[in-house]
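Read the structure below first, then the notes.
Per chain, numbering begins at 1; letters A, B, ... match sequence-line order.
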There are 2 protein chains.
Amino acid sequence: MAGKVTIATVARHARVSRQTVSNVLNAPHIVRPETRQRVLEAITTLGYRANQAARQMRTGRSRLIAVRIEPTRDGINGSVLDRFLHGLTETAEAAGYRVMIYTAGDDDGEIATYEDLLSAYDLDAFVLTGTKHGDPRTAWLAHRAVPFVTFGRPWDDPDAHCWVDVDGAAGTEQATAHLVRAGHRRIGFIGWPRGSGVGDDRRSGWRRTLLASDLDPAGLDAETDDGITQGERTARELLARPAPPTALVCASDSLALGAVQAARDSRVDRDSGVDRAARDSGAHPHVPVIGFDDTPVAAAVGLTSVSQPLGEAAARCVDLLTDVLDGPQRTPRNLLLRPDLVLRHTA
Amino acid sequence: MAGKVTIATVARHARVSRQTVSNVLNAPHIVRPETRQRVLEAITTLGYRANQAARQMRTGRSRLIAVRIEPTRDGINGSVLDRFLHGLTETAEAAGYRVMIYTAGDDDGEIATYEDLLSAYDLDAFVLTGTKHGDPRTAWLAHRAVPFVTFGRPWDDPDAHCWVDVDGAAGTEQATAHLVRAGHRRIGFIGWPRGSGVGDDRRSGWRRTLLASDLDPAGLDAETDDGITQGERTARELLARPAPPTALVCASDSLALGAVQAARDSRVDRDSGVDRAARDSGAHPHVPVIGFDDTPVAAAVGLTSVSQPLGEAAARCVDLLTDVLDGPQRTPRNLLLRPDLVLRHTA
DNA sequence: TTGTAAGCGTTATCAA
DNA sequence: TTGATAACGCTTACAA
């Protein structure tokens, strides 16, 4: 601790005025190269770092962006937010921004937090994960002209604001097409109850791929809340139907994990329990199952799954934000990223 | 947006000086009650909020604390940090602090981040999750007298700094005692390679409980890196020994999840595959398995597990920090929390 | 190209 | 008990 190093310390050391130091930092091109060099050296030798609070008072900008974290209802899907958060923090750091996190009970609580964060900390922007039909939060932010980007499409109006999303339909399309190529004709889908943008999107990819292959999706899908046990129960029901699916695409890894259980048992049924060796060796279950999100658990248990490019999604969120914050005001832009199918044991 | 509301706006509105408003905020007792009342009313009607940057310039305090987030190597254990982070953010908010997150590649990178966060953002304190023998980060922070608390004991010297931890040995002790009470005499343990504080701690609880019950731990434990497949393989090895364990305590849910697979198969071995109905009904496997961390995945699949009070741990971290930050300088304190055994299907 | 002066919103000091 | 003044470290406007 050699005492506080301010812009004045640097100025003295480099034998220039404080203003020149500031110029080197904020407008290097207007400073003569040799002077600039001298100042830069002083900065490194002294280990000077601009004080954000002081800078912020003048500029009104904090170089801080905020993200909400949610309690993990399901540790499996929770890792999605986790990985997104990590990517966001890394990219933000590279762009000179820091990430602040906050919690909120409901939409009103979240909006109250916006007010606090904005007036007390001068936050530069918000990143929202997950959007719903008629989201009051985005409306509030847009109305105050607060820069923000959402990870997840605005399901009402695609051009309502900046967003980055992963094309869920393209993901289930890849999964379904993979199974079609493998010769399956009756491919089932286990998804969430209709009405959620994400869930409906993922279902649509399955459906359209079947139709494009002249296959009939009727009677091959089922809806349930997310969860392993829900997935297992629903898969069991699906497999017990008169003309059961011979393969399953699921809206999440949680559902898929449950479905894998059901599929294994269903195979044992047919094999009268003699196929244990094959199972032990990690061979394919007879009913292939594909999940969604490529969570670490999927990787661990060998579940084939659709992988979201979370790191890239996070990076693009930061890009969009810095475009708005640092560059000239542009029109809201958005980005739909393609997921990839990660083949493992289950399909 | 009715323009910026500063302390001056409030002062005008309440017909007092700026200083009086400041006093109402920071030293209410020296302001006459009626004046205080008038100022308070002005504050609420105007929706005034103190600007942190300005306050920080004077006080040198930012009311910001920082936590590092790590990429989830394993989605199962990742949820532990996740839940801790959530608790931390909530408690910090209640105490008037905000949480900033950062990433770091290694210890040197993390220390470089400390320097940046400290000099640029005037961070008030750090929360470190996980500590190791001879941790350079805690040494650096202690040397600069930067307030910090760790979630995890300093394994070298218990009084080196503030910390909160969960008594891992007490957790495995509960798990082991439960199995002893259930009549088991050969209880195995699957843990991490020796040398990690957390892993050794958890192993010691198993060991001492066995010894206390006049049971011999010899030949009943095995070491492996964390992971589901590692757990399955190791459990299989353990169960294939001459006098195999009849129950298993694991150092993590990941290991336990793998062990459950191995245990199921081992039962099928003995039962010649006829016991499928019992398995489907979720009955106990013949070899009970207990995990550690009570992750959401454990809850989903019915794995009995040791539950860490993460929310409380986080809250206590904030308490310790605010003690140091707001109160008079006290001696470093620490806290060892008791985990609980959550009984489910597997034991 | 460089230096001077002012001000951002707050709190600490000190006088009234 | 209250109020005026200075200062925190920085950047913008303007003068040299």
Side-chain angles (χ1 to χ4, degrees), chain A residues 2-40 42-43 46-64 96 116 118-124 326, chain B residues 2-40 42-43 46-64 96 116 118-124 326:
Chain A
K4 214 155 255 168
V5 179
T6 77
I7 212 168
T9 326
V10 177
R12 263 198 307 278
H13 190 99
R15 310 174 135 272
V16 294
S17 72
R18 300 203 313 264
Q19 180 49 30
T20 302
V21 179
S22 176
N23 283 337
V24 169
L25 261 30
N26 303 299
H29 57 277
I30 70 167
V31 179
R32 188 172 0 133
E34 359 174 326
T35 315
R36 192 196 313 158
Q37 191 56 32
R38 198 146 38 92
V39 172
L40 252 21
I43 286 177
L46 294 170
Y48 167 77
R49 262 154 166 125
N51 180 298
Q52 275 302 324
R55 169 175 284 181
Q56 173 181 340
M57 274 229 285
R58 287 297 293 164
T59 62
R61 305 254 324 264
S62 62
R63 302 202 75 82
L64 246 34
D116 183 53
L118 249 18
S119 53
Y121 289 89
D122 267 315
L123 257 89
D124 285 348
D326 298 333
Chain B
K4 215 155 257 172
V5 179
T6 77
I7 212 169
T9 325
V10 177
R12 263 197 307 278
H13 191 98
R15 310 174 136 270
V16 295
S17 72
R18 301 202 313 262
Q19 182 49 31
T20 301
V21 178
S22 176
N23 283 337
V24 169
L25 261 31
N26 303 299
H29 56 278
I30 70 166
V31 178
R32 191 176 355 136
E34 357 174 329
T35 314
R36 193 196 312 159
Q37 192 56 32
R38 198 147 37 94
V39 172
L40 251 22
I43 286 177
L46 293 169
Y48 166 77
R49 261 154 166 123
N51 179 300
Q52 275 301 325
R55 169 174 284 182
Q56 174 181 341
M57 274 231 285
R58 284 300 293 165
T59 63
R61 303 257 322 266
S62 61
R63 302 203 73 82
L64 246 33
D116 183 53
L118 251 17
S119 53
Y121 289 89
D122 267 315
L123 256 90
D124 284 348
D326 299 332

For A/Arg18 and for A/Arg36, find the nucleotide of DNA chain C with the closest heavy atom, then tell me which residue's nucleotide is more 5'.
A/Arg36
Taking A/Arg38 for its side chain and A/Ala14 for its backbone only, find out whether a donor-acceptor pair lies under 3.5 Å.
yes
Distance in angstrom units between A/Gln56 CD and D/dT11 C1', rounded
13 Å
For A/Ile7 and C/dT2, what is the distance between atoms CD1 and C1' respectively, to the nearest whole Å?
14 Å
Among D/dA7, D/dG9, D/dT12, which is the nearest nucleotide to the side chain of A/Thr6?
D/dG9
For the side chain of B/Lys4, counting heavy atoms from C-beta on, which of C/dG9, C/dT2, D/dT2 is nearest?
C/dG9
Counting side-chain heavy atoms from CB outward, which of C/dC8, D/dT2, C/dT4 is closest to A/Gln19?
C/dT4
What is the distance, to the nearest angstrom, from the CZ atom on A/Arg58 to the P atom on D/dA7?
18 Å
Residue whose nearest DNA chain D nucleotide is more 5′ - B/Arg38 or A/Ser22:
B/Arg38
Which part of the nucleic acid, if any, lies within contact of B/Ala53, taking any heavy atom under 4.0 Å across all strands shown: a base, the sugar-phosphate backbone alone, or nothing?
nothing
To the side chain of B/Arg55, which of C/dG3, C/dT10, D/dT11 is closest?
C/dT10
Ignoring hydrogens and geometry, is there a side-chain-to-backbone donor-acceptor pair from B/Asp124 to B/Arg63 under 3.5 Å?
yes
Please pick, from C/dT2, D/dT12, C/dG9, the nucleotide with the shortest atom-to-atom distance to any side-chain atom of B/Ala54.
C/dG9
The side chain of A/Met57 lies closest to which of these nucleotides: D/dG9, D/dT2, C/dT2?
D/dG9
In whole Å, I'd like the distance from the CG atom of A/Asn51 to the P atom of C/dG9.
16 Å
